[in-house]
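Convention: sequence-line order gives letters A, B, ...; per-chain numbering from 1.
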Protein chains: 2
Amino acid sequence: MNSNSTDYVLADQVGFLLRRAHQRASLIFKNTFEDTSLTPQQFAVLAKLHEVNNVTQNKLGRLVDMDPATLQGVIQRLMQRGFVLRNQDPQHKRRLIISLTETGCEMLKNCFELGRQVSSETLQTLDKTDKSELLRLLRLISE
Amino acid sequence: MNSNSTDYVLADQVGFLLRRAHQRASLIFKNTFEDTSLTPQQFAVLAKLHEVNNVTQNKLGRLVDMDPATLQGVIQRLMQRGFVLRNQDPQHKRRLIISLTETGCEMLKNCFELGRQVSSETLQTLDKTDKSELLRLLRLISE
DNA sequence: ATAGTATTGTTTGTACACATACATTGAATG
DNA sequence: CATTCAATGTATGTGTACAAACAATACTAT
């Protein structure tokens, strides 16, 4: 028995469900972070810089899973708002070292609680077991 | 004991993991659908039209979970390639009825198998139970 | 050392995603 | 009937996401 087109239900495909889930999570983030005007990606960069400050732009990109081209734009917007600095590595002229400014660090402190709210609201329909199950499975399919 | 910034690990947040997973799924889609030059969203529209042809653009948007503004662009690109038609509803001058063309239908037939491959490869690290678990959980957090 | 290669970052172009503002039409209410 | 309101689609602007082409610097092997 061969598979045919009737087997294919869009709403049952992971990719489709991932897009939907991601869009909903982004919406919750947007509403929760409204006052800060930070995007999820901008916050991800700041939060990662708080974990490991003074990183190469390239390495930072790998840590937050963003393209060099994409990260470049994100960094620029964060620089314009004074949250981040970009300095040349004295040892390697080609490298740029990204670091949090005082302003960025201050802003960030008020954001961690918001970040927790976003995660909590995104997962609110799941019980405790399902919450950690979902995280585990997402990690598994992201390599 | 109050929570502080050290509690917040970016890599443990759903939103971050959802973005990563979605990006990986998109990459797999891109590679698999290389020859067709269809994007995930364009294929989603075609696949949905195969399920329910002759829909209002607005309703189609709700079915594939896209903004009116976003869908408008997707539809335009599908029209340019002759996969889709957009006709005015005679009863409601304001509405546009979207339908698959012969060309679109033909193209689509060869795509279902590719779509299955994408889903399969995206989930390849999971066992059977985990696969359906993930789908269930994603549905739960997408309302 | 020199040549070739890998690393790192920018630029440009296409495609979502969505907010906001706008235009038009159909329906509902007084 | 007229005014208001909801539904539907368009236009524009900002922000990802990524490919491809480019540029410049470090590294490696001969």
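Using a 4.0 Å heavy-atom cutoff across all strands shown, B:T56 reaches sugar-phosphate atoms only and no base atom. In this structure, B:E34 reaches neither bases nor backbone, as no heavy-atom distance under 4.0 Å exists between it and the strands shown.
Cluster annotation: B:F16 is connected to A:V55 through the hydrophobic network of ILVMFWY side chains, with a link wherever side-chain heavy atoms come within less than 4.5 Å. Hydrophobic clustering, with ILVMFWY side chains joined whenever heavy atoms are under 4.5 angstrom apart, keeps B:I28 apart from A:L18.
Between A:K48 and A:D65 no salt bridge is recorded (no basic side-chain N to carboxylate O distance below 4.0 Å). The pair A:D89-A:R94 does not count as a salt bridge, with every side-chain nitrogen at least 4.0 angstrom from each carboxylate oxygen.
For A:T39, a side-chain nitrogen or oxygen approaches OP1 or OP2 of D:dT16 to under 4.0 Å. The phosphate of C:dG9 (OP1 or OP2) has a side-chain N or O of A:N58 nearer than 4.0 angstrom. At C:dG9, none of the side-chain N or O atoms of A:Q57 fall inside 4.0 Å of OP1 or OP2 (strictly under the cut-off). Not one side-chain nitrogen or oxygen of B:Q88 sits closer than 4.0 Å to the OP1 or OP2 atom of D:dG9.
In the hydrophobic clustering, where aliphatic and aromatic side chains (Ile, Leu, Val, Met, Phe, Trp, Tyr) are joined below 4.5 Å either directly or transitively, A:L27 stands alone.
You won't find any donor-acceptor pair under 3.5 Å spanning the side chain of B:R94 and the base of C:dT25, going by distance alone.
Residue B:D89 contributes atom CG, which lies 11 Å from atom C1' of D:dT8 at whole-angstrom precision. One atom, CD of B:Q23, and another, P of D:dA19, lie 11 Å apart when rounded to the nearest Å. Atom pair A:K59:NZ and C:dA6:P shows a separation of 21 Å (rounding to whole Å applied). Per the geometry, CZ belonging to A:R95 stands 16 Å off P belonging to C:dA6, to the nearest Å. For the pair B:N87 CG and D:dG9 P, the interatomic distance rounds to 13 Å; values are reported in whole Å. If you measure from atom CG of B:N31 to atom P of D:dA19, you get 8 Å, rounded to the nearest angstrom. For B:Q42 and C:dA15, the CD to P distance is 7 Å, given to the nearest whole Å. In this structure, CZ of A:R86 is placed 5 Å from P of C:dT10, rounded to the nearest angstrom.
Residues from residues 62-79 of chain A with heavy atoms under 4.0 angstrom of DNA chain C, sorted by number: A:R62, A:P68, A:A69, A:Q72.
Picking from D:dT10, C:dA19, D:dT25 the nucleotide with the shortest atom distance to the side chain of A:K30 gives C:dA19. Of the candidate nucleotides C:dT8, C:dA19, D:dA19, D:dA19 has the atom lying nearest to any side-chain atom of B:L27.
Relative orientation of the B:H50 and B:F112 rings is perpendicular, given thresholds of 30° and 60° on the angle between their planes.
Along DNA chain C, the nucleotide nearest to B:P40 and the one nearest to A:L96 differ in position, and the one closer to the 5' end is contacted by A:L96.
Looking at A:Q72 and A:Q76, their side chains do bring a donor and an acceptor atom within 3.5 Å of each other. Side chains of B:Q117 and B:T32: a donor-acceptor N/O pair is absent below 3.5 angstrom, by distance only.
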